[in-house]
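Notes for the one structure printed next.
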Amino acid sequence: MSAEGEEPRVTVDLFDDEMFEDEPKPPPKPPREPRKRRPRGGGETAKRILVALPWIVFAIAIAVAGGIVFMLAMIAIGVVALREFDAIARRYRPLVIPAYLAMAGLVIAAHFGTAFNILYVLAASVPLVFAFAARPRHQDGATVSMGVTLLGILWIGIPLAHAVLLRDLPSHGAALLIDVLVGTFVADTAAYATGRMFGSHRITPNISPNKTIEGLVGGFVIGTMGFWFAGLYQDWLSGVDALLIGAAVAAVAPIGDLFESMLKRDLGTKDSGTIFGPHGGLLDRLDAVFFTVVIGYYLAIALVY
């Protein structure tokens with residue numbers, strides 16, 4: 001017996017599981033999410049090539065035909081391109097008729113004249129646009145309307161005129177034009193494919209979020225080699241000249257792409273048209289060519305002629 005006033009002893013069983021029943025159990029670990037795989041984009045790249053094939057055949061056909069046929073084809077392409085530009089910039093009320101006239105004049109001057117004659121037509125397009133803008137129903141917002149119209153003439157008409165100048169070069173014009181188109185198409189497709197597979201560093205997220213440094217490098221290298229390969233069997237085009245022109249074409253191609261992307265983002269549209277179905281309009285396919293055909297012409301003059 002315990003002495004009077006002495007507290008009874010409490011024995012503790014350290015191995016009694018009931019003591020720990022009220023302690024909170026650690027939360028179960030969430031299941032591990034499967035690792036996301038980067039889309040390879042092979043199927044989409046193949047679709048882009050398949051959609052472009054009929055137009056590649058068309059481009060080769062008109063390049064080989066040359067002359068009036070090629071000139072008329074450039075005017076037709078210009079009409080379609082200006083219609084798309086008018087549609088996406090409609091809120092600024094571009095003046096379509098003077099744009100058509102100026103574009104056709106630039107192409108005709110390139111075929112029947114020289115590069116200097118193109119400057120005459122370009123200078124004449126300014127008062128022509130003003131004459132249409134001065135009409136009473138166009139005077140409201142005429143400054144913006146004239147500016148947008150001249151932008152369309154410069155962006156679309158000048159490259160088409162240079163395409164005619166390049167095609168009309170003696171002896172090798174058709175081959176050089178096809179080489180430029182091949183280099184542009186290869187650079188654009190390679191940039192898209194390598195960007196989808198390896199791209200992680202964005203170039204201009206505010207203009208074109210899908211453009212990456214990896215895609216830019218891949219497009220430049222493969223596009224340069226594409227132009228060089230296209231000129232392998234042309235004994236009048238040295239390997240060094242082919243590499244120089246190819247590198248310039250591959251470097252300028254993404255600038256044309258980004259230029260159109262900036263315009264579309266500012267104008268609030270995704271595609272310029274629907275002529276290529278889900279792959280967009282004519283401007284979406286020729287945005288790079290509008291830049292590469294110009295530099296291709298001047299480098300051909302400097303290095304080949």
Side-chain angles (χ1 to χ4, degrees), residues 45 48-50 52-74 77 106-107 109-118 158-194 216-257 285-305:
T45 303
R48 288 164 67 97
I49 295 174
L50 289 175
L53 281 178
W55 293 92
I56 293 173
V57 174
F58 171 74
I60 294 174
I62 61 175
V64 171
I68 298 293
V69 173
F70 187 78
M71 182 195 75
L72 293 176
M74 292 301 101
I77 289 173
L106 290 169
V107 173
H111 180 64
F112 290 105
T114 64
F116 197 70
N117 298 116
I118 295 176
I158 291 295
L160 293 177
H162 279 79
V164 173
L165 290 175
L166 181 59
R167 172 57 187 88
D168 288 349
L169 287 175
S171 304
H172 313 306
L176 283 166
L177 177 61
I178 293 173
D179 289 347
V180 169
L181 294 177
V182 168
T184 306
F185 175 73
V186 171
D188 184 59
T189 304
Y192 177 83
T194 54
L216 184 70
V217 173
F220 175 77
V221 173
I222 300 175
T224 300
M225 298 311 297
F227 188 101
W228 174 80
F229 184 80
L232 269 182
Y233 302 101
Q234 299 165 348
D235 54 4
W236 46 267
L237 182 63
S238 70
V240 174
D241 290 344
L243 285 175
L244 289 174
I245 300 175
V249 166
V252 169
I255 299 177
D257 195 348
R285 301 279 70 83
L286 294 182
D287 51 5
V289 176
F290 283 166
F291 279 61
T292 59
V293 74
V294 176
I295 196 170
Y297 168 73
Y298 289 110
L299 284 179
I301 293 293
L303 299 175
V304 179
Y305 289 90

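If you read the sequence from its start, that first residue is 1, and numbering goes on from there. Just so it is clear, the structure is predicted and the values come from calculations on it, not from any experiment.
Of all the heavy atoms in Pro159 and Val293, the pair that sits closest is O-CG1, 3.5 Å. Nearest heavy-atom pair, Asp287 versus Phe291, reported as atom, atom and distance to 0.1 Å: O-CD1, 3.7 Å. Taking every heavy atom of both residues into account, Ile62 and Ala73 meet most closely at CD1-CB, 3.9 Å. Among all heavy-atom pairs drawn from Ala63 and Ala174, the shortest one is O-CB, 3.6 Å.
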May I have the list of side-chain donor-acceptor pairs in residues 237-253 shorter than 3.5 Å, sequence neighbours left out?
from: Ser238; atom 1: OG; to: Asp241; atom 2: N; distance (Å): 3.2
from: Ser238; atom 1: OG; to: Asp241; atom 2: OD2; distance (Å): 3.1

Would you tabulate the side-chain donor-acceptor contacts of residues 225-234 under 3.5 Å, counting partners in other chains and residues two or more places apart, or write 'none'?
from: Gln234; atom 1: NE2; to: Asp179; atom 2: OD1; distance (Å): 3.4
from: Gln234; atom 1: NE2; to: Asp179; atom 2: OD2; distance (Å): 3.4

Without placing hydrogens or testing angles, list every side-chain donor-acceptor pair under 3.5 Å for residues 294-305, not counting sequence neighbours.
from: Tyr298; atom 1: OH; to: His162; atom 2: NE2; distance (Å): 2.8
from: Tyr305; atom 1: OH; to: Pro170; atom 2: O; distance (Å): 2.5
from: Tyr305; atom 1: OH; to: His172; atom 2: N; distance (Å): 3.4

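Residues forming a side chain to side chain contact (heavy atoms under 4.5 Å, CB included) with Val64 (at least two apart in sequence, or on another chain): Ile60. With sequence neighbours left out, Val164 forms a side chain to side chain contact (heavy atoms under 4.5 Å, CB included) with Phe70, Met74, Val107, Ala110, His111, Asp168. Shown here are the side-chain hydrogen bond (donor to acceptor under 3.5 Å, both in side chains) partners of Thr184, two or more places apart in sequence or in another chain: Thr292.
Counting heavy atoms from C-beta outward, Asp188 and Asp257 have side chains that approach closer than 4.5 Å. Put simply, the side chain of Trp55 does not reach to within 4.5 Å of the side chain of Leu181, judged on heavy atoms.
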Please step through side-chain contact (heavy atoms from CB on, under 4.5 Å) for the pair Ile118 and Ile158, ending with a clear verdict.
CA-CA 8 Å; Ile118 295 176; Ile158 291 295; 4.2 Å; yes
Pair Ile77-Leu286, side-chain contact (heavy atoms from CB on, under 4.5 Å): steps then yes or no:
CA-CA 10 Å; Ile77 289 173; Leu286 294 182; 3.7 Å; yes
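Rounded to the nearest 0.5 angstrom, Phe220 CZ and Thr194 OG1 are separated by 13.0 Å.
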